[in-house]
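Handing you a structure now.
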Amino acid sequence: MSWLNILVLGGSSGFIELYAYGMFKIARVTGIVGTCLALCLSSDLKSLSVVTEVSAGGASEVSYFQLETNLLYSFLPEVTRMARKFTHISALLQYINLSLTCMCEAWEEILMQMDSRLTKFVQEKSTTTSVQDEFMHLLLWGKASAELQTLLMNQLTVKGLKKLGQSIESSYSSIQKLVISHLQSGSESLLYHLSELKGMASWKQKYEPLGLDATGIEDAITAVGSFILKANELLQVIDSSMKNFKAFFRWLYVAMLRMTEDHVLPELNKMTQKDITFVAEFLTEHFNEAPDLYNRKGKYFNVEKVGQYLKDEDDDLVSPPNTEGNQWYDFLQNSNHLKESPLLFPYYPRKSLHFVKRRMENIIDLCLQKPADVIGKSMNQAICIPLYRDARSQECTRRLFKFPFLWNNKTSNLHYLLFTILEDSLYKMCILRRHTDISQSVSNGLIAIKFGSFTYATTEKVRRRTSFTSSAYSCLDAQFYDDETVTVVLKDTVGREGRDRLLVQLPLSSVEDRLFIPGLVFPLSRLDEQCSAIPTRTMHFEKHWRLLESMKAQYVAGNGFRKVSCVLSSNLRHVRVFEMDIDDEWELDESSDEEEEASNKPVKIKEEVLSEPEAESQQAGAAAAAPQVVIKVEKLDPELDS
């Protein structure tokens with residue numbers, strides 16, 4: 001069985017949604033207070049970690065809570081099969097929609113030309129003779145009235161009639177192919193997957209706890225059957241219309257050639273009594289004036305019958321199929337038992353294909369919505385930890401990438417939460433660890449990290465990078481690089497501008513042995529109000545760090561699989577990409593900072609654009625230039641290579 005992939009989405013709408021394979025919703029968790037800042041579903045599907053932000057009193061209160069997802073864990077094989085089936089159904093519905101869109105595009109407005117020209121003829125003619133009688137007179141006697149001749153020769157024209165006939169044949173052929181090759185095959189596949197889903201729902205021990213309802217699926221199967229019947233009806237209308245129009249245009253084309261005294265080819269001039277009868281029946285059926293239709297659609301005729309099936313309207317069909325004399329239809333209408341039988345798909349002769357398709361989609365959505373509601377209601381909040389009160393979200397309009405950051409260690413089944421707490425005007429980084437299985441508390445822990453001195457260690461001597469005290473570094477951003485490492489961006493609050501940002505790789509093993517939950521009060525008091533009770537460790541670094549010069553670094557993102565870390569500036573215009581895994585062996589020049597900077601030239605530069613504010617002030621004359629972004633790819637110092 002393939003692995004189940006789940007996309008978890010949350011925002012400020014008060015709910016969290018889980019999508020199987022990123023396509024179909026399998027769970028909806030309601031009652032979420034505030035805005036979701038971070039979401040992380042454990043790989044074993046035992047819990048969902050959520051960080052929310054609630055704005056109040058000019059600041060935001062950030063909290064962490066964990067939801068039990070035992071239903072997903074306990075029924076993982078069943079959820080996977082159901083999710084795959086839901087995904088197939090969702091994809092097929094999109095396929096049917098696209099097929100119907102292509103059919104609508106294949107139908108052209110030129111096909112309505114016959115209806116509009118005949119309607120104009122009725123409005124302008126001065127005689128009381130009906131349009132049907134005019135064409136019948138032309139068919140039987142070969143002569144047209146002056147008004148009909150004007151209509152045919154001046155408005156419709158021989159060339160226009162030929163073009164109209166070609167357009168109808170081309171359009172109808174395209175629609176017919178789309179129905180046969182795509183719409184019918186897609187509908188039959190949809191019927192197959194729904195039938196399989198019904199079989200799964202019949203195994204109540206496995207699928208009833210997940211909310212799979214056999215009755216709702218039966219309704220969906222019935223709706224798909226009705227759609228297939230309507231598609232077959234459209235095929236019959238297309239086939240009939242193509243035959244009718246072909247015979248009608250062939251006769252009318254010859255009649256118009258005779259009016260202009262042009263040469264008529266012998267093969268066109270041959271017309272049997274059967275052909276005359278066929279054209280007469282076509283005129284009788286389609287050329288009756290309908291005043292009621294004019295009030296509804298602004299036309300007296302509906303010679304073109306295919307377009308009405310493709311209109312996305314709730315109105316009944318203008319020209320529904322004629323069911324008179326259909327023995328099977330009459331038999332069903334007269335039998336109450338068969339009329340209510342679940343074995344027969346209901347038929348909607350007066351509705352368009354779009355209407356039946358919308359009805360089918362609504363029933364299927366209703367059927368597949370129940371599992372999402374049932375699974376969502378099973379997710380209960382097990383723990384809530386108020387973290388801190390933060391005013392930065394109100395002050396900084398550009399705070400796009402927000403702390404906290406969630407990480408799931410798939411090997412050890414642990415949730416990690418990185419966040420900062422303000423203490424003595426500095427933001428110190430905290431790491432909260434919780435087991436994905438809420439019933440286990442052995443692995444739970446919390447620790448605060450302070451950053452002390454940063455030095456270079458070489459074989460010859462140790463050169464101090466900075467002489468600042470350990471209390472001078474404030475954590476700006478942090479993310480997990482991999483399961484064992486955290487990438488951190490620090491600000492030296494007493495350093496000079498342009499040399500006050502550091503990129504640090506923090507090995508988790510150096511602090512995990514001290515991760516434990518002290519005597520903190522949960523959940524009555526926020527963690528930032530209990531700073532003294534949180535164990536704190538000061539870290540000193542001789543490697544795994546780098547000074548970020550000439551850049552106001554603010555945000556970081558790391559990818560241990562690709563061995564890359566990216567740093568983004570505070571104005572969101574300057575990006576540096578660092579290759580974290582370096583194979584080249586080269587020594588550090590220790591003579592001066594300037595020489596060190598020269599030895600660390602970028603490996604490559606991809607694009608040159610907008611620089612930092614300092615550079616902008618030097619380029620005031622180029623203020624009208626287009627906005628640009630600096631992207632730089634660099635190798636890290638050997639000290640960052642572990």
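Everything quoted here is computed from the prediction, not taken from an experiment.
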Distance check, rounded to the nearest 0.5 Å: Leu210 atom CG versus Glu78 atom CD? 7.0 Å

Anything under 30° is parallel, anything over 60° is perpendicular, the rest tilted; go ahead and classify His137 against Trp141. tilted

For the residue pair Phe245 and Tyr172, establish whether any side-chain heavy-atom pair is separated by less than 4.5 Å.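 A side-chain contact exists here, since the closest heavy-atom pair is under 4.5 Å.
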
Could you tell me whether the side chain of Ser167 and the main chain of Lys163 form a donor-acceptor pair under 3.5 Å? yes

Got a second to check how far Leu48's CG is from Ser42's OG, nearest 0.5 Å?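 Spacing of CG (Leu48) from OG (Ser42) equals 8.0 Å.
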
Answer yes or no: is there a side-chain heavy-atom contact under 4.5 Å between Ile6 and Leu45?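 Yes, side chains in contact.
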
Any side-chain to backbone donor/acceptor pair from Thr150 onto Ala146? Under 3.5 Å, distance only. yes

Sequence neighbours excluded, which residues qualify as ring pair (Phe, Tyr, Trp, His ring centres under 6.0 Å) partners of Phe227?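 With sequence neighbours excluded, Phe227 shows a ring pair (Phe, Tyr, Trp, His ring centres under 6.0 Å) to no residue whatsoever.
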
Residue pair Cys102 / Leu178, side-chain heavy-atom distance below 4.5 Å: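 With C-beta onward as the side chain, the pair touches.
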
Closest approach of Val374 and Gly211, non-hydrogen atoms and distance?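 Closest approach of Val374 to Gly211, heavy atoms only: CG2-CA, 3.8 Å.
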
Non-hydrogen atoms of Cys367 and Pro371 that approach each other most closely: O-CD, 3.8 Å

For Ile175 and Leu310, run side-chain contact (heavy atoms from CB on, under 4.5 Å): C-alpha distance rounded to whole Å, both residues' side-chain angles, the deciding distance at 0.1 Å, then the answer. CA-CA 10 Å; Ile175 295 173; Leu310 305 178; 4.0 Å; yes

Let me see the working for Lys377 and Asp373 under salt bridge (Lys or Arg N to Asp or Glu O under 4.0 Å), right down to the final yes or no. CA-CA 6 Å; Lys377 289 178 181 178; Asp373 296 335; over 6 Å; no

Is it true that Glu134 and Ser145 share a donor-acceptor pair across their side chains at a distance under 3.5 Å? yes

Residue pair Phe248 / Phe135: nearest heavy atoms and the distance that separates them: CZ-CE2, 4.3 Å

Compare all side-chain heavy atoms of Glu361 with those of Ile96 and state whether any distance is below 4.5 angstrom.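 They are not in contact (no side-chain heavy atoms under 4.5 Å apart), so the answer is no.
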
So, the side chain of Ser241 versus the backbone of Ile238: is there a donor-acceptor pair under 3.5 Å, distance only? no

For Ser170 and Gln166, indicate whether the former's side chain and the latter's backbone hold a donor-acceptor pair under 3.5 Å.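 Checking the backbone N and O of Gln166 against the side chain of Ser170, no donor-acceptor pair under 3.5 Å is found.
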
Between the main-chain N or O of His337 and the side-chain N or O of Ser341, is there a donor-acceptor pair closer than 3.5 Å?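 The answer is no, because no donor-acceptor pair under 3.5 Å joins these two groups.
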
Pair listing, ring pair (Phe, Tyr, Trp, His ring centres under 6.0 Å) test, anchored in residues 176-226, at least two apart: His88-His193, Tyr95-His182

Test: Glu233 and Lys230 ion pair at under 4.0 Å: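 Salt bridge present between Glu233 and Lys230.
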
Nearest 0.5 Å, please: how far is CG in Leu191 from OG in Ser189?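 If I round to the nearest 0.5 Å, the distance is 9.5 Å.
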
Within a reach of under 6.0 Å around NZ of Lys25, are more than 12 heavy atoms found that belong to other residues, nucleotides or ligands?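 Yes.
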
Looking only at non-hydrogen atoms, find the nearest pair between Leu353 and Ala231 and report the distance. CD1-N, 3.9 Å

Regarding Glu281 and Asn244, is there a side-chain donor-to-acceptor distance under 3.5 Å anywhere?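 No.
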
Contact between Thr222 and Pro346 at the side-chain level, heavy atoms closer than 4.5 Å - yes or no?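 Side-chain contact under 4.5 Å: yes.
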
Any side-chain donor-acceptor pair under 3.5 Å between Gln327 and Tyr329? no

Using every non-hydrogen atom in the two residues, find where Ser171 and Ala106 come nearest and quote the distance to one decimal. OG-O, 2.7 Å

Please assess Ser240 against Gln236 for the test side-chain contact (heavy atoms from CB on, under 4.5 Å), listing each intermediate value before the final yes or no. CA-CA 6 Å; Ser240 174; Gln236 294 174 4; over 6 Å; no

d(Leu368 CG, Leu194 CG) to nearest 0.5 Å is 7.0 Å

Which distance, rounded to the nearest 0.5 Å, do you find between the CE of Met23 and the CG of Leu7? 12.0 Å

Lys351 and Asp316: side-chain contact (heavy atoms from CB on, under 4.5 Å), yes or no, with the steps? CA-CA 5 Å; Lys351 294 298 181 182; Asp316 291 346; 2.9 Å; yes

Check: Asn408 side chain, Ser43 main-chain N or O, donor-acceptor pair, under 3.5 Å: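 Present.
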
Nearest-0.5 Å distance, CG of residue Leu235 to CD1 of residue Ile180: 5.0 Å

Do you know which two heavy atoms are closest between Leu197 and Ile89, and how far apart they sit? CD2-CD1, 3.9 Å

Ring centres under 6.0 angstrom apart (Phe249, Tyr253): no

Check the pair Ser319 / Lys305 against side-chain contact (heavy atoms from CB on, under 4.5 Å), numbers first and verdict last. CA-CA 7 Å; Ser319 300; Lys305 292 186 175 181; 3.8 Å; yes

Do Arg81 and Lys85 have side-chain heavy atoms sitting under 4.5 Å apart? no

Determine whether Leu332 and Tyr347 make a side-chain contact, defined as any pair of heavy atoms from C-beta on separated by less than 4.5 Å. no

Please walk me through it: do Arg359 and Tyr348 pass side-chain hydrogen bond (donor to acceptor under 3.5 Å, both in side chains)? CA-CA 11 Å; Arg359 180 180 176 276; Tyr348 302 95; 3.0 Å; yes

Side chains of Leu9 and Leu39, heavy atoms from C-beta outward: is any pair under 4.5 Å?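 With C-beta onward as the side chain, the pair stays apart.
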
